[in-house]
Amino acid sequence: MPELPEVEVVRRGLERWVAHRTVAGTEVLHPRAVRRHLAGPDDFAHRLKGRHIGTPQRRGKYLWLPLEETNESVLAHLGMSGQLLVQPHSAPDEKHLRIRVRFADSLGTELRFVDQRTFGGLSLHDNTPEGLPDVISHIARDPLDPLFDDEAFHQALRRKRTTIKRALLDQSLISGVGNIYADEALWRARIHYERPTAHFTRPVTAELLGHVRDVMNAALAVGGTSFDSLYVNVNGESGYFDRSLDAYGREGLPCKRCGTPMRRRPWMNRSSYFCPKCQRPPRVSS
DNA sequence: CCTAGAACCTGCGAGC
DNA sequence: TGCTCGCAGGTTCTAG
């Protein structure tokens, strides 16, 4: 499932293979893949034609392709199963191919958006003065952004009446963290996922942020995570960071620190993995 | 305003 | 063999 490191790998692939090319034509094969483009599939395709792609950008799990002629960008979100593939024209269509973008050059490749579960999609938006697509102005900077404000994040935690994993997944507080890296960072920090944030101290917040950054950088270093072959990078190569996971998916397996069997708990229509010894639950449980 | 939880989707694997 | 059901989960919307 693409979180920040996987999306960054895709962004780098797009920078290598798609930037500075000119759109010849766009084919929308499933309207849901452009549902965020309110004017519809035909408008999306029409407005992309003839446009020049700039340098791909990313914030959290969102990435976008600035268009060089105007102050607009093609926004992309991979959802849970989305892939952006650069394929030869001759490659057979993927089963879940949703959008195809052809270019006005002789490189012989095209950009494809493939998405089984259709939670992701592409859309075209005006940019804010900061160069951000306007519809994601509510998304916070991510922890690998040099301008991420650690102190502001800490104060937000203190202000909220919520629990730490909810806060880590709140993209308006900190972006790019998903279920997998949240569990990994909390395990490294020895913090239970239901611990209230209101009484976090600066050192605790700082240590947790350090672990979030460490686990993301480690994933980036090996090109992202892949669990079920749904996620592949822009050239279709799977990552392999999953072999390094310490918490996620390890129910019943010994904690890599203390040997206690790891547990899985249903949480928010998904799962939380944790070590019951290293990550003690808060006294007052919701 | 704030927080909790459901809905959106499809494929896969377990269990009957 | 073939069916049902739980599970995967990022984001947005709604309910309280």
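The chains referred to below are lettered A, B, ... by the order of the sequence lines, with proteins before strands, and numbering in each begins at 1.
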Residues which pass ring pair (Phe, Tyr, Trp, His ring centres under 6.0 Å) with A:His125, listed by chain and number, not counting sequence neighbours: none
Does OP1 or OP2 of [N] have a side-chain N or O of [X] closer than 4.0 Å?
X: A:Gln171; N: C:dT11; value: yes
X: A:His77; N: C:dG10; value: no
X: A:Lys95; N: B:dT10; value: no
X: A:His138; N: C:dT12; value: yes
X: A:Tyr181; N: C:dG10; value: no
X: A:Lys160; N: B:dC2; value: no

Write down the distance between [atom1] ([X]) and [atom2] ([N]), rounded to a whole number of angstrom.
X: A:Leu4; N: C:dT11; atom1: CG; atom2: P; value: 11 Å
X: A:Asp115; N: B:dT10; atom1: CG; atom2: P; value: 10 Å
X: A:Gln116; N: B:dC12; atom1: CD; atom2: P; value: 7 Å

OH on A:Tyr273 to CG on A:Asp183, rounded to 0.5 Å: 8.5 Å
Ring centers of A:Phe274, A:His192 separated by less than 6.0 Å: yes
Smallest separation among heavy atoms of A:Asp126 and A:Glu72, with atom names: OD1-CG, 3.6 Å
A:Glu3, nearest nucleotide to its side chain (from B:dG11, C:dA8, C:dG10): C:dG10
Qualifying residue for side-chain contact (heavy atoms from CB on, under 4.5 Å) with A:Leu75, from A:Leu65, A:Ile136, A:Leu122: A:Ile136
Touch class at under 4.0 angstrom, heavy-atom based, for A:Arg36 against every strand present: sugar-phosphate
Touch class at under 4.0 angstrom, heavy-atom based, for A:His30 against every strand present: nothing
Do any N or O atoms of the protein come closer than 3.5 Å to N or O atoms of nucleotides 4-8 of chain B, and which pairs are they?
| from | atom 1 | to | atom 2 | distance (Å) |
| --- | --- | --- | --- | --- |
| B:dA4 | OP2 | A:Arg166 | NE | 3.2 |

Among A:Arg58, A:Lys61, A:Arg213, salt bridge (charged side-chain N to carboxylate O under 4.0 Å, His left out) partner for A:Asp142: A:Arg58
Geometric class of the A:His77/A:Tyr62 ring pair [parallel <30°, tilted 30-60°, perpendicular >60°]: perpendicular
